[in-house]
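Worksheet: the structure to be examined is printed underneath.
Note that the structure is a prediction, hence the values are computed from the model and not measured.
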Amino acid sequence: MIDSSGADIDDHATVARHVARSIGEIRRSPVARVPVTALLLAGSPRVCGEDPGHVRLLGEQENTLPPIVVHRATMRVVDGAHRVRAALLRGLSHIGAQFFDGEENEVFVLSVALNAGHGLPLSRTDRTSAARYILTSHPFWSDRSVATVAGVSAATVARLRKGVAGATTGTRIGHDGRARPVNSTEGRARASELLRRDPTASLRQVARTAGISPATAADVRDRLLRGADPLPDRLRRAVESAERRTAHRSTEGTGAAVGDVLPSAEVLTQMAESLRRDPSLRLTESGREILRLLGVCTAAVRERRRNGTSAVPPHCLDPLAKLMRGYSEIWQSFAAEFEQAHRARTRDPVA
């Protein structure tokens, strides 16, 4: 479909055409009957997994379930997880499927596109989470390309990109398929060095080596001839501002690992509310215990929004900080156990 390395063309219209072409090829392919136990349910774009109510609705219907989409190489369900669960509910051993023969790194993008087009719509939380994931798997895609697939605005993608490690790349792929720097600061610095070493060098060669346009290379040369800074004032100010922010962050010590990307408080609250409605948690004692613990966390989010540290006496700030950091480490160990269990189960075939 589309290369995540940035080697292929990547304007938003081209991405949409490639996705539509892949979907069209799948829809025209023959339907095969596959054993339900051979399928792998993993990597869903739905943050909280399948909706139990929708599964029951599909399971209670008597009509034949529409074919699902499966990645042939891994037998991973690309589209139709609810239908697989409904087939299990009906006691079926086989289900109709159409195959996708693309690369594994294309599966999630296709899954998002297919889920956005029919069936139970992806929630806003799902679409935002999908955009964040695509930014990590396809960092060279433009904001509009990611937005086209995920079903969010380009402005939302631009905001998410700032918080996703590795997504802010030095180049993006434009309408003509050529890679160009998002910020020309480094390119200008390289061009300046090249021109100082060889003032007679061709502008086209300098531009190619430095990764900038010939017009930018010409501007750098003109500035050097005038004895001026190769960076325009606005770029110089941006560089100095970024350096100040970096220095400030290095002295803060937030306690979070560099590059960690955490859901916002709004997203966490929505995830907690969705889990609170899940019967498999509400109707068991262990599930209710987990929901009670999550309720404490939700209350903590609300309290932070209302008061923050303003309501805490000064002498209590330090012991409270240590207490909360200690509790957070316990939660981190819980999270690690849940993630390990999730990976172990998703590696096994659907039972």
Side-chain angles (χ1 to χ4, degrees), residues 41-56 81-82 85 120-133 135-136 152 156 159-160 162-165 249 252-347:
L41 290 178
S44 170
R46 301 183 189 277
V47 173
C48 295
E50 294 79 47
D51 181 276
H54 191 61
V55 170
R56 285 196 300 273
H82 285 100
R85 296 293 187 192
L120 187 67
L122 294 176
S123 68
R124 181 180 178 183
T125 301
D126 295 335
R127 288 181 279 114
T128 302
S129 177
R132 186 182 288 109
Y133 183 91
L135 282 170
T136 64
V152 296
T156 296
R159 176 176 56 80
L160 293 172
K162 295 176 182 177
V164 176
R249 281 197 298 268
E252 276 189 326
T254 60
V258 175
D260 279 357
V261 181
L262 301 176
S264 65
E266 179 185 4
V267 171
L268 289 172
T269 301
Q270 291 172 348
M271 291 170 65
E273 288 298 326
S274 179
L275 288 170
R276 198 169 286 121
R277 293 192 296 269
D278 191 326
S280 59
L281 289 176
R282 288 192 296 107
L283 302 180
T284 64
E285 183 57 39
S286 59
R288 286 193 291 271
E289 182 62 31
I290 290 173
L291 291 178
R292 280 193 287 270
L293 290 172
L294 289 178
V296 174
C297 296
T298 305
V301 170
R302 287 197 301 268
E303 184 65 22
R304 183 181 179 186
R305 284 175 174 169
R306 267 203 310 268
N307 298 316
T309 60
S310 60
V312 180
H315 68 279
C316 294
L317 289 171
D318 184 58
L320 279 172
K322 291 176 180 176
L323 186 65
M324 290 175 183
R325 197 172 298 283
Y327 282 137
S328 72
E329 291 177 0
I330 295 173
W331 278 107
Q332 290 284 359
S333 66
F334 275 142
E337 290 177 14
F338 277 69
E339 288 168 349
Q340 185 177 3
H342 174 72
R343 284 194 296 268
R345 292 178 187 178
T346 53
R347 278 196 300 268

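- For Glu285, the salt bridge (Lys or Arg N to Asp or Glu O under 4.0 Å) partners are Arg288, Arg292, not counting sequence neighbours.
- Residues satisfying the side chain to side chain donor-acceptor pair (under 3.5 Å) test with Arg159, not counting sequence neighbours, are none.
- Annotation: side chain to side chain donor-acceptor pair (under 3.5 Å) contacts of Ser123 (sequence neighbours excluded): Asp126.
- By the side-chain contact (heavy atoms from CB on, under 4.5 Å) test, Gln332 pairs with no residue at all, sequence neighbours left out.
- Panel note: side chain His82, backbone Glu50; no donor-acceptor pair is recorded below 3.5 Å.
- Between the side chain of Thr128 and the backbone N or O of Arg124 there is at least one donor-acceptor pair closer than 3.5 Å.
- Take Leu294 and apply the side-chain contact (heavy atoms from CB on, under 4.5 Å) test, not counting sequence neighbours, and it matches Leu275, Ile290, Leu291.
- Residues passing the side chain to side chain donor-acceptor pair (under 3.5 Å) test with Arg46, sequence neighbours excluded: Asn115.
- Thr156 meets the side chain to side chain donor-acceptor pair (under 3.5 Å) test with Ser153; sequence neighbours excluded.
- Separating the CG atom in Leu320 from the CE atom in Met324 is a distance of 5.0 Å, to the nearest 0.5 Å.
- A search for side-chain contact (heavy atoms from CB on, under 4.5 Å) contacts involving Pro121 returns nothing, not counting sequence neighbours.
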